[in-house]
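In what follows, a structure is listed as structure tokens, so that the remarks can point back to it.
Every value quoted in this text rests on a predicted model; they were computed, and no experiment measured them.
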Amino acid sequence: MDKSQLISLIKVPFGYGAGRMGSELGPERLLRLGLLEQWKELGYVLDEPSRIILKDQWSDKAINVPLKNASKVLSICTALASEVKLKRAEGHFPFILGGDHSIAMGSLAGLTADGGSLGVIWMDAHSDLNTEETTPSRNMHGIPLAVGLGRAALKLFHICEGAADIDPSKTVLIAARELDPGEKELIKELGIHCYTMHEIDKLGIQKVIDEAVDITSSGTDGVHLSFDIDSLDPAEAPGTGTPVQGGLSYREAHFAMELLYEAGIITSCDFVEVNPRLDRNNRTSKLAVDLIGSLFGKRIL
């Protein structure tokens, strides 16, 4: 990350895409715990933060998606995509703070609307590769990457005019450990690089991140990091709606962020699924602030 580049913080207090409400409280909790001050201490300059909230006039979308709260999700993603597209055009670093992971459809739509080639690193216990047909939960936060790759009926161009599909060969999944049958089939069909916790245990987090950097940055105009806090083990990050045992450790997650900072490839980020209602003494929220710090160059010494 270039410290001369303005960071545009886009707050999205939205939780209707998840099975449990509470992630809409995440952005304000992280701000209260010093996120903005941390960036400033690290030497970054911040654009005036923007806030995307659900409005009644956004509630009616032309496309019919037979999933829970679909109209609300599409509305918030449409508004988010417009803001991300604008900030990207201004040369800023869009940092989207959720909220549940359904908002990533808005991030991806806005980022691809300029016609550039985007690599994607998706750090999550889940792959979010279900479609309208394969999803067992019918929650919208389970489909954003499938939408981004053009494999769902809902497309990115439905959310933002000019948005294009992500290249699966430039997409990397990291920390996956709970995959539905349809997602497994799609990963194999598209040849997506998927580093499950098995691969992380076997190869080590440094090799996984090094390979992810090479895959996503080669031949692309930028790399988007989509970071779900449930990529960590719930012993480290209990405050999230869909925890899965056996995730990243505290140090693995920090080292991954440190390596991505050193690689200098990340050009945008969404950070999602922190749920203060399920947290214990702000443990997950504080960890999230610290991880963002590591992504932007904060070090022990």
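Although no hydrogens or angles enter the test, the distance criterion places a donor-acceptor pair under 3.5 Å between the side chain of Q5 and the main chain of G91. A side-chain donor-acceptor contact under 3.5 Å links E24 to the backbone of G22. Formation of a donor-acceptor pair under 3.5 Å by the S23 side chain with backbone atoms of E273 is not found in this model. Here the side chain of S218 pairs no donor or acceptor atom with the backbone of D214 at under 3.5 angstrom. No side-chain donor-acceptor contact under 3.5 Å links N281 to the backbone of R283. Under a 3.5 Å cut-off, the side chain of S231 and the backbone N or O of F227 do not form any donor-acceptor pair. At least one donor-acceptor pair closer than 3.5 Å links the side chain of T131 to the backbone N or O of T134. R177 places a side-chain N or O within donor-acceptor distance of the main-chain N or O of A175, the cut-off being under 3.5 Å. Of the possible donor and acceptor atoms, one in the side chain of D221 sits under 3.5 Å from a partner among the backbone N and O of S117. No donor-acceptor pair closer than 3.5 Å links the side chain of E236 to the backbone N or O of D233.
Within a 6.0 Å sphere centred on NE2 of H92, heavy atoms belonging to other residues, nucleotides or ligands number more than 12. Heavy atoms from other residues, nucleotides or ligands lying under 6.0 Å from CD of E90 number more than 12. Other residues, nucleotides and ligands contribute more than 12 heavy atoms inside 6.0 Å of the CZ atom of R299. Counting non-hydrogen atoms of other residues, nucleotides and ligands closer than 6.0 Å to CZ of F296 gives a total above 12. Within a 6.0 Å sphere centred on NZ of K3, other residues, nucleotides and ligands contribute more than 12 heavy atoms. Crowding of R20 atom CZ: a count of heavy atoms from other residues, nucleotides or ligands under 6.0 Å not exceeding 12.
Atom CD1 in I174 sits 11.5 Å away from atom OG in S226 (nearest 0.5 Å). Here the CD1-CD1 distance, from I192 to I215, works out to 11.5 Å after rounding to the nearest 0.5 Å.
Taking the six-membered ring for Trp and the full ring otherwise, the centers of F95 and W39 sit less than 6.0 Å from each other. Between H101 and W122, the gap from one ring centroid to the other is short of 6.0 Å.
Taking the charged nitrogens against the carboxylate oxygens, E211 and K207 do have a contact shorter than 4.0 Å, which makes a salt bridge. The residues E258 and K298 are annotated as not salt-bridged, no charged nitrogen and carboxylate oxygen being separated by less than 4.0 angstrom. Residues D114 and K85 are not paired through a salt bridge, judged by the lack of any N-O separation under 4.0 Å between the basic side chain and the carboxylate. E132 and R138 are not joined by a salt bridge, as no carboxylate oxygen comes within less than 4.0 angstrom of a charged side-chain nitrogen. Taking 4.0 Å as the cut-off between side-chain N and carboxylate O, R88 and E83 do not count as a salt-bridged pair.
Side-chain contact check for H126 versus L179: every heavy-atom pair is 4.5 Å or farther apart.
For the 3.5 Å distance criterion, the side chains of S8 and D47 qualify, holding a donor opposite an acceptor.
Just one of D165, T220, V223, L108 meets the side-chain contact (heavy atoms from CB on, under 4.5 Å) condition when paired with L118; it is L108.
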Run the numbers on S107 and D270 for side-chain hydrogen bond (donor to acceptor under 3.5 Å, both in side chains), then give the verdict. CA-CA 7 Å; S107 303; D270 43 42; 3.0 Å; yes

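Residues T267 and P94 approach most closely at O-CD, 3.6 Å, considering heavy atoms.
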